[in-house]
Amino acid sequence: MSPLLDLQYRLEYVILRVVVGFFRLLPLDFAAGVSARLWRLLAPLTPRHKRALENLALAFPEKSESERRTIALEHWDNLGRVSIEGMQLDRLLAQEGRIELADAHLLSRYQGRFGPAVGVTLHTGNWELAVWPLARYGGQPAAIYRLIKNPYVDAYVREQRRQLYPGGLLAKGKAHGSNAEGQRTARLITDYVRKGGRLGIVCDLYDKSGIAVPFFGHPAKSTPVPAMIARRVGARIWMARAVRIARQSRFRIEVKELKVPRSGNPGDDIRAITAAMHAQFEAWVRERPEQWMWSNRRWS
C-alpha cells in the first residue's frame, strides 16, 4: 500500500469515527428517525432510486406508479434507520424489548444439540439481526460478508459486530494486499459448517455465476452456496427475517426450517433448495415490500 493511499484510508476512517461518534451521542430512536427523513429526502436524487423503481415495476406490474413510488420512499426510510442501527448495534442488542423471536419453540428444542447449520436471510428490515437466534440458541455463528476496501474501516466493522457474529466474519472477496482470503473463503466456510459451526449468509443479491431460479416471475441468478454447503455436510438450513415494527428500532425475528433434499442428483437438489429459498423470500417481500432493499441489483 502506498503512503498516499494509506493516508486516504486513515482519513476516511477518522471521518467515519467522527460521524459514528456524533450519532452515538443521540438516543437511538431519535437518531434513526432523523436519518430516515434525510434518506427519504436525498436518496431519490441518486441513480439507485431509478433502479429501485425499475425493480418495483418488474416485481409489481399490477401496482400503480404512485404505489411503487411510495414503496420506494418507504424502503429508503428503512435503510436510513438501518444505517444508524449499525452505529448503535451494541445498544440495540442490550436494550430489553428491542428484539422478539416469533418462533422460539422451533429453535429451543434443538438447544444443546443444534448441529451444523446454515442460516440464510435477505435484505429486509434490519437483516444483520436475523442471525441473532443462532447466536442465542446455536452457539457461535459466523457470517460471510463483503470485504471493505479500506482496511481500517473493515477492521472496525468486524469489531463492532463481534457480539452478533462471535464465530467471526469471513470475507467474500480479496484480502487486503493479496488474493489469499478470497481464495480460502469457500474451503473455510465449508469446513466451518462441517465441524458443527453455524454460518449466516445474506443471499438475495444478483450472482452472475449463480443459478437462475424464479423470483417474482422472472429468472434471477442466485448463489447456490447455502444449498451446496448444507447438502454436502448434512447441515440444516434455517431461514430468518427481522421485521421492523412500526417504523421503530424494534424487531420481530421469524424463523423457518428449510428441508434439504438429498437425492441421487446433487445438481437437482441444489437447484430445488435455492428455488425454495427464493420462493420464501418472495413471499416475505410481498408481505412487507417497503422493508426490502429494492435499490440492490437482483435481475440481470
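Side-chain heavy atoms closer than 4.5 Å link hydrophobic residues (I, L, V, M, F, W, Y) into clusters, and following such links, even through other members, never connects Val213 to Met239. There is a path of hydrophobic side-chain contacts, each under 4.5 Å, that joins Ile148 to Met1. By the criterion of side-chain heavy atoms lying less than 4.5 angstrom apart, applied directly or through intervening Ile, Leu, Val, Met, Phe, Trp or Tyr residues, Leu258 is not grouped with Met228; the two fall into different hydrophobic clusters. Note on Leu5: it clusters hydrophobically with Leu147, by side-chain heavy-atom contacts below 4.5 Å among ILVMFWY residues. The hydrophobic clustering, which links ILVMFWY residues whose side-chain heavy atoms are closer than 4.5 Å, places Tyr152 and Ile15 together.
When side chains are defined from C-beta on, Val243 counts as touching Gln291, because their heavy atoms get closer than 4.5 Å. With contacts defined as side-chain heavy-atom distances shorter than 4.5 Å, the pair Trp284/Arg288 does not qualify. A heavy-atom distance below 4.5 Å is not found between the side chains of Val202 and Leu122. In this structure the side chain of Leu205 never reaches within 4.5 angstrom of the side chain of Thr223, judged on heavy atoms. A 4.5 Å side-chain heavy-atom check between Leu79 and Met293 finds at least one atom pair inside the cut-off. At a threshold of 4.5 Å between non-hydrogen side-chain atoms, the residues Ile253 and Glu100 do not count as touching. Side-chain contact between Phe216 and Val285: present, with at least one pair of heavy atoms (C-beta onward) separated by less than 4.5 Å. The shortest distance between side-chain heavy atoms of Leu42 and Trp76 does not fall below 4.5 Å.
Not counting sequence neighbours, Trp294 has no partner by the side chain to side chain donor-acceptor pair (under 3.5 Å) test. Every side chain to side chain donor-acceptor pair (under 3.5 Å) that Arg252 has, sequence neighbours left out, goes to Glu254.
Pairs engaging residues 78-87 under the salt bridge (charged side-chain N to carboxylate O under 4.0 Å, His left out) rule: Asp77-Arg81, Glu85-Arg244 [sequence neighbours left out].
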- [ ] Applying side chain to side chain contact (heavy atoms under 4.5 Å, CB included), run through Phe281 and Thr124 and close with a yes or a no.
- [x] CA-CA 10 Å; Phe281 285 167; Thr124 194; over 6 Å; no
Task: Audit row: Asn126, Leu129, side chain to side chain contact (heavy atoms under 4.5 Å, CB included) steps and yes/no - done: CA-CA 6 Å; Asn126 188 323; Leu129 300 177; 4.0 Å; yes
- [ ] Give the intermediate values and the outcome of salt bridge (charged side-chain N to carboxylate O under 4.0 Å, His left out) for residues Arg241 and Glu287.
- [x] CA-CA 12 Å; Arg241 66 167 173 171; Glu287 288 179 13; 2.5 Å; yes
TODO: Apply the test side chain to side chain contact (heavy atoms under 4.5 Å, CB included) to residues Val118 and Val193: give CA-CA distance (whole Å), side-chain angles for both, the deciding distance (0.1 Å), then the verdict.
DONE: CA-CA 7 Å; Val118 178; Val193 178; 4.3 Å; yes
Task: Pair Leu164-Glu128, side chain to side chain contact (heavy atoms under 4.5 Å, CB included): steps then yes or no - done: CA-CA 8 Å; Leu164 268 182; Glu128 287 197 282; 4.2 Å; yes
TODO: Report the C-alpha distance between Arg10 and Asp6 in whole Å, list the side-chain angles of each, state the deciding distance to 0.1 Å, and finish with yes or no for salt bridge (charged side-chain N to carboxylate O under 4.0 Å, His left out).
DONE: CA-CA 6 Å; Arg10 289 180 183 274; Asp6 183 63; 2.9 Å; yes
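The two residues Trp299 and Tyr206 make their nearest non-hydrogen contact at C-CD1, 4.1 Å. Between Pro261 and Lys259 the shortest heavy-atom distance is CD-O, 3.4 Å. Shown here for Pro224 and Gly210, the closest heavy-atom pair between the two residues is CD-CA, 4.2 Å. Of all heavy-atom pairs between Ala227 and Ile237, the closest is CA-CD1, 4.3 Å. Taking both residues in full, the closest heavy atoms of Gly125 and Val82 are given as O-CG2, 3.3 Å, listed atom of the first, atom of the second, then distance. Here the shortest heavy-atom pairing between Arg194 and Val233 reads CB-CG1, 3.8 Å.
In this structure, CG in Leu11 is found 12.5 Å from CG in Leu16, a value given to the nearest 0.5 Å. Separating the CG atom in Asn78 from the CD atom in Glu290 is a distance of 8.0 Å, to the nearest 0.5 Å. To the nearest 0.5 angstrom, Trp39 atom CH2 is 9.0 Å from Thr46 atom OG1. Rounded to the nearest 0.5 angstrom, Tyr156 OH and Asn150 CG are separated by 13.0 Å. We find the CD-CG distance between Gln163 and Leu92 to be 10.0 Å, quoted to the nearest 0.5 Å. One finds the CD1 atom of Ile189 at 3.5 Å from the CD1 atom of Ile229 (value rounded to the nearest 0.5 Å).
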For residues 266-279, which side-chain N or O atoms pair as donor and acceptor with protein atoms under 3.5 Å away, sequence neighbours left out?
from   : atom 1 : to     : atom 2 : distance (Å)
Asp268 : OD2    : Asn265 : ND2    : 3.2
Asp269 : OD1    : Ser263 : OG     : 2.8
Asp269 : OD2    : Arg231 : NE     : 2.8
Asp269 : OD2    : Arg231 : NH2    : 3.1
Asp269 : OD2    : Ser263 : N      : 2.6
Asp269 : OD2    : Ser263 : OG     : 3.2
Arg271 : NH1    : Ala212 : O      : 3.1
Thr274 : OG1    : Ile270 : O      : 2.8
His278 : ND1    : Thr274 : O      : 3.0
His278 : NE2    : Cys203 : O      : 3.4
His278 : NE2    : Ser222 : OG     : 3.4
His278 : NE2    : Arg298 : NH2    : 3.0

Contacts table for residues 17-38: side-chain donor-acceptor under 3.5 angstrom, sequence neighbours left out:
from  : atom 1 : to    : atom 2 : distance (Å)
Arg17 : NH1    : Tyr13 : OH     : 2.8
Arg24 : NH1    : Met87 : O      : 2.8
Arg24 : NH1    : Asp90 : OD1    : 3.0
Arg24 : NH2    : Asp90 : OD2    : 3.1
Asp29 : OD1    : Arg98 : NH1    : 3.0
Asp29 : OD2    : Arg98 : NH1    : 3.2
Asp29 : OD2    : Arg98 : NH2    : 3.0
Ser35 : OG     : Gly80 : O      : 2.6
Ser35 : OG     : Ser83 : OG     : 3.2

Mind listing the side-chain donor-acceptor pairs of residues 58-66 below 3.5 Å, one per line with the distance, residues two or more places apart or on another chain?
from  : atom 1 : to    : atom 2 : distance (Å)
Ser64 : OG     : Glu67 : N      : 3.1
Ser64 : OG     : Glu67 : OE1    : 3.3
Glu65 : OE2    : Arg69 : NE     : 3.2
Glu65 : OE2    : Arg69 : NH2    : 3.0

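Checking Tyr145 against Arg158 by side-chain atom types alone, a donor-acceptor pair falls below 3.5 Å. For the 3.5 Å distance criterion, the side chains of Ser295 and His75 qualify, holding a donor opposite an acceptor. Side-chain N/O atoms of Asp204 and Trp127 include no donor and acceptor closer than 3.5 Å. Between the side chains of Asn296 and Arg51, not a single donor N or O lies within less than 3.5 Å of an accepting N or O.
With a 6.0 Å radius and a threshold of 12 heavy atoms from other residues, nucleotides or ligands, Arg232 has its CZ atom at or below the threshold.
Between Trp292 and Phe215, the distance separating the two ring centers is shorter than 6.0 angstrom.
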